[in-house]
Amino acid sequence: GVVQLGGLRLAETASSEIEFLLRLTPTAATHESDQLVVEGADLAALDGTVLTPAAALPNLSLFAPQSPPALPASIELGPARPNPFARSTRFTVSLPREAHVDVSILDLAGRRVATLLNGRVAAGQKDVTWDGSNAREGVYFVKLVVDGRVYSRRVALLRNGR
């Protein structure tokens with residue numbers, strides 16, 4: 001949209017600066033590329049002489065205040081997407097607080113075939129991807145261990161669209 005501001009000095013003793021304070025409230029989601037741009041200013045002296053601004057007119061980036069994302073209420077291992085998959089699959093690990101996390105892939109015999117994550121992870125959600133391009137076709141388990149508790153999901157690796 002367009003905002004037009006105007007100012008009128010009624011007395012000779014008024015300040016030589018005019019200051020506007022704008023409070024803009026976004027009506028839709030903001031984007032990093034959003035800007036408030038002053039495109040022009042028509043300034044005139046009391047005698048009608050056109051004045052040129054001494055410096056460039058300002059450009060301001062607009063950023064809505066961001067509230068931190070809400071932390072998950074509980075530990076969760078989200079479903080694998082896609083599942084079944086032909087090359088790689090993704091899932092989300094949700095943590096209500098920072099914790100030591102071990103995410104691995106196990107075959108049907110319970111053997112670890114891949115370690116995807118092993119270490120301290122901050123509270124929140126973390127996306128984890130398994131690239132199964134070097135694994136054999138078949139059924140596997142995604143295993144998440146946090147604080148001695150085990151969570152798991154079954155995933156199917158299928159080649160050639162079977």
Side-chain angles (χ1 to χ4, degrees), residues 1-5 17-41 53-162:
V2 175
V3 176
Q4 293 183 339
L5 302 174
E17 291 185 14
I18 298 175
E19 184 176 312
F20 292 97
L21 176 62
L22 298 176
R23 180 174 183 193
L24 304 173
T25 304
T27 57
T30 60
H31 301 282
E32 289 183 25
S33 61
D34 289 347
Q35 287 190 337
L36 177 62
V37 178
V38 179
E39 292 182 352
L57 297 172
N59 287 349
L60 305 171
S61 295
L62 302 179
F63 295 101
Q66 300 288 327
S67 56
L71 293 176
S74 61
I75 298 169
E76 184 179 330
L77 175 60
R81 301 206 191 269
N83 189 22
F85 67 101
R87 182 173 179 87
S88 68
T89 188
R90 282 181 21 161
F91 48 90
T92 302
V93 172
S94 300
L95 300 170
R97 59 179 164 47
E98 180 181 325
H100 184 274
V101 172
D102 182 16
V103 179
S104 57
I105 303 297
L106 307 178
D107 64 14
L108 285 176
R111 294 178 296 237
R112 184 182 294 243
V113 295
T115 298
L116 305 180
L117 187 59
N118 189 353
R120 302 253 355 133
V121 175
Q125 291 189 332
K126 177 146 182 78
D127 288 329
V128 181
T129 301
W130 178 38
D131 179 359
S133 59
N134 293 326
R136 291 182 158 187
E137 183 176 84
V139 176
Y140 293 87
F141 291 94
V142 179
K143 179 182 171 186
L144 165 65
V145 180
V146 180
D147 296 334
R149 288 184 271 169
V150 178
Y151 306 82
S152 66
R153 294 272 185 180
R154 186 175 58 217
V155 293
L157 173 58
L158 302 178
R159 306 268 189 232
N160 304 322
R162 291 187 282 162

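Given the structure is predicted, the values throughout are model-derived calculations rather than measurements.
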[X] atom [atom1], neighbour heavy-atom count above 12 within 6.0 Å:
X      : atom1 : result
Arg90  : CZ    : no
Arg87  : CZ    : no
Arg120 : CZ    : yes

Q | Intermediate values then yes/no, side chain to side chain contact (heavy atoms under 4.5 Å, CB included), Leu117 and Lys126 | A | CA-CA 10 Å; Leu117 187 59; Lys126 177 146 182 78; 4.1 Å; yes
Check whether any side-chain heavy atom of [X] sits under 4.5 Å from a side-chain heavy atom of [Y], and report yes or no.
X      : Y      : answer
Val121 : Val93  : no
Leu116 : Ser104 : no
Ile105 : Phe141 : no
Leu71  : Arg97  : no
Ile75  : Leu144 : yes

Q: State whether the side chain of Ser152 and the backbone N or O of Val142 hold a donor-acceptor pair below 3.5 Å, judged by distance alone.
A: no
Q: Report yes or no: does Arg153 contribute a side-chain atom to a donor-acceptor pair with the main-chain N or O of Ala80 at less than 3.5 Å?
A: no
What heavy-atom pair brings [X] and [Y] nearest, and what distance separates the two atoms?
X      : Y      : value
Gly78  : Phe91  : O-CB, 3.5 Å
Thr89  : Pro82  : OG1-O, 2.7 Å
Pro72  : Pro96  : O-CB, 3.1 Å
Val139 : Leu108 : O-CG, 3.6 Å
Leu157 : Gly132 : CD2-O, 3.5 Å

Q: Test side chain to side chain contact (heavy atoms under 4.5 Å, CB included) on Asp102 and Thr115 and set out the steps.
A: CA-CA 8 Å; Asp102 182 16; Thr115 298; 4.2 Å; yes
Q) Could you give the distance from CZ (Phe85) to CG (Leu158), rounded to the nearest 0.5 Å? A) 8.5 Å
Q | Inter-residue atom distance Asp107.CG - Arg112.CZ, 0.5 Å rounding | A | 12.0 Å
Q. Given His100 and Asp147, is the side chain to side chain donor-acceptor pair (under 3.5 Å) satisfied, shown in steps?
A. CA-CA 7 Å; His100 184 274; Asp147 296 334; over 6 Å; no
